[in-house]
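Step one of this worksheet: look at the structure below.
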Amino acid sequence: MKQYLKYVRPYLFSFIVGPCLMIVEVIGEVLMPYFMSLIINRGVANHDVPYITLMGGAMIVTALLMMAGGIGGAYFGAKGAISFAADVRRDVFLKIQKFSFANIDKFSTGSLVTRLTNDITQMQNLVNMALRMMLRAPGMLIGAVIMAVMMNAQLAMVLLVVIPLLVIAIISIVRIAFPRFDTMQKKLDRVNSGIQEALTNVRVIKSFVRGEHEEKKFADANDDLKESSINAMKIMILLMPISTLIMNMTVLAVVWFGGNQVIAGTMPVGDLTAFVSYVTQILMSLMMLSMVILQSSRAMASAKRVQEVLNEEVDLTDDNAGQKQLEVKRGKIEFKNVSFRYYKDNHEKVLDGISFVINPGEIVGIIGSTGCGKTSLVQMIPRLYDADEGEVLVDDVNVKEYSLYNLRNGVGMVLQKNVLFLGTIEENLAWGDEHASEETIAAAARAAQAEDFINSFTDGYDTELGQGGVNVSGGQKQRLCIARALLKKPRILILDDSTSAVDTATESRIRESFSTTLKDTTKVIIAQRITSVMEADKILVMDEGRIVGEGKHDELLKSCEAYQEIYYSQMDKEVEK
Ligand code: DCP
Ligand code: MG
């Protein structure tokens, strides 16, 4: 928890002044019953009106001071807590931005969202509460005990019985509640993950008519959360009635014993009323403390979850890169005996002993059955994942030697599952290069065969895209993604199945335009259709994580069995059509 201290430091003023102002309120609270007892004992008993007025005035002044202290304390408490939470949120967000794909795979997106929102809010609530109660509750407890003992030490003995009783009750309740809140937070995570998944995939769910299934899945998770919340609250609910019961019994005992003293004439009436107030204050402050402890038990669970994100080791950094200023210039790619697996615990290798060389400016096709590792292979080039064994070289330098910025700037990649962002087409394309002029953007769109359909929209480049690019067709989206990558003017361009939704005629036009606009750029094209890669300088044929063939179309057709299989199965389909 020490880790969070640095978030307190910038707001130290609020963190100190807030609780101090609350002390003003506490002093007032403790003085009020005393003034009251003076009015009753002296003023009322002696019919001394000026004295009553004087004391009444003192009470009004105290009340005003209390109000000022209360408002100030609440203000600085809230300010400190809100600022604290905002800074933590910022750092968690920045950390997630640094996450590698492998890190993100580890936490689910839903869980990250819960941690960024709900968990940090829990922490904020705790800080806010702590700032207001931290000094106030113990202050009130101590102040009231002192006043009570000073007023009537004998009667104060009652407290010796009651306080331990209440403390035991509170501790047992908190101890039972603690793990239940922990469970509750985990269930909340599951609900959030479910919501996240269902919302992002709502189209798939509808098209598979799996709405009912999803509803049931969600209802289950939601009921689960409900059950565990009720389970936790059941215990919380006990806290109030038990404390109130103990408090009322105590007041009864005080009035009983105190009343006898008043009748015997050993205690003034005013003292009895003040004493009852102090007893109430003591028990109230214990209840406040228990609330803080309970809230902190919830917030501790949250703080731990936030900490997990903050402390997660980003397994892919350029901290040890030796040649950070180096940029990708020529675009040569070489794999030396590369092996890779997503899950490090003895799972099967996804890539197994991959070796090949791609020379600058070459067009290379990668082909192979689904799941054979094509995407995994190309992800090694911009270091989206790191190889477990072997080396990946770009321009004869290990990719780990580059700064991630320079490497990824030099390697443009159109991901298989690509998305566009909320905003206009132009904003989306300029995402590849924010300083791009209108002409450059138009040229990139032209090269990706996107210009015609963009111009056919009434708003042209100013057409607003929905989240993820929902309001363009699959093929249009792919072409916009290609144009976006082109604007980066990469030395190496990787297209991962990026024209799968584009018709073959348009696809071949894109290929043609590449041969003029991107003459010197190394192009790696992953495709399902052999026609997409037939004209490449070289084709890599993959099967189950290995390269089983390498060469030009004609050579492979003669020598590579796997290639022949793919070729003839696709040709058969053509004939059937
Ligand atoms: N895989 C995994 N975890 C990931 C991604 C993939 O375990 N985060 C597994 C699934 C496959 C294997 O790795 O068994 C290879 O996956 P690829 O995505 O590399 O496969 P392809 O790109 O070749 O398949 P496709 O043609 O369907 O895109
Ligand atoms: Mg793939």
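Counting convention: from 1, in listed order, for ligands and their atoms alike. The model shown is predicted, which means the values in this text are computed figures rather than measured ones.
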Check [Y] with [X], please: is the shortest side-chain N to carboxylate O separation under 4.0 Å?
X	Y	answer
Asp87	Arg90	yes
Asp224	Arg190	yes
Lys106	Glu312	yes

Among all protein non-hydrogen atoms, which one is nearest to atom 2 (C) of ligand 1, and what is the separation to 0.1 Å? Tyr342 CD1, 3.2 Å

re atom 26 (O) of ligand 1, the protein heavy-atom contact at minimum distance is Lys374 NZ, 2.7 Å

Going by a strict under-4.0 Å cutoff (protein heavy atoms only), does atom 5 (C) of ligand 1 have a neighbour on the protein? yes

Looking at ligand 1, is there an atom of it that comes within less than 4.0 Å of some heavy atom belonging to [X]?
X	value
Gly371	yes
Tyr343	yes
Gln528	yes
Val350	yes

Is the number of heavy atoms from other residues, nucleotides or ligands under 6.0 Å of [X] [atom1] greater than 12?
X	atom1	value
Lys324	NZ	yes
Asn311	CG	yes
Gln97	CD	yes
Glu561	CD	no

List every atom of ligand 1 that sits less than 4.0 Å from any heavy atom of [X], numbering the atoms from 1 in the order shown and giving each element.
X	value
Gln416	25 (P), 28 (O)
Thr375	18 (O), 19 (O), 21 (P), 22 (O), 28 (O)
Ser376	15 (C), 16 (O), 17 (P), 19 (O)

State yes or no: are the ring centers of Tyr385 and Phe340 separated by less than 6.0 Å? yes

Can an N, O or S atom be found in Ser376 less than 2.8 Å away from the Mg ion (ligand 2)? no

Taking both backbone and side-chain atoms into account, decide whether Gln416 has an N/O/S atom under 2.8 Å from the Mg ion (ligand 2). yes

With only distance considered, is Thr370 within less than 3.5 Å of ligand 1 through an N or O on each side? yes

Residue among Gln478, Arg479, Arg529 satisfying side chain to side chain donor-acceptor pair (under 3.5 Å) with Glu507: Arg529

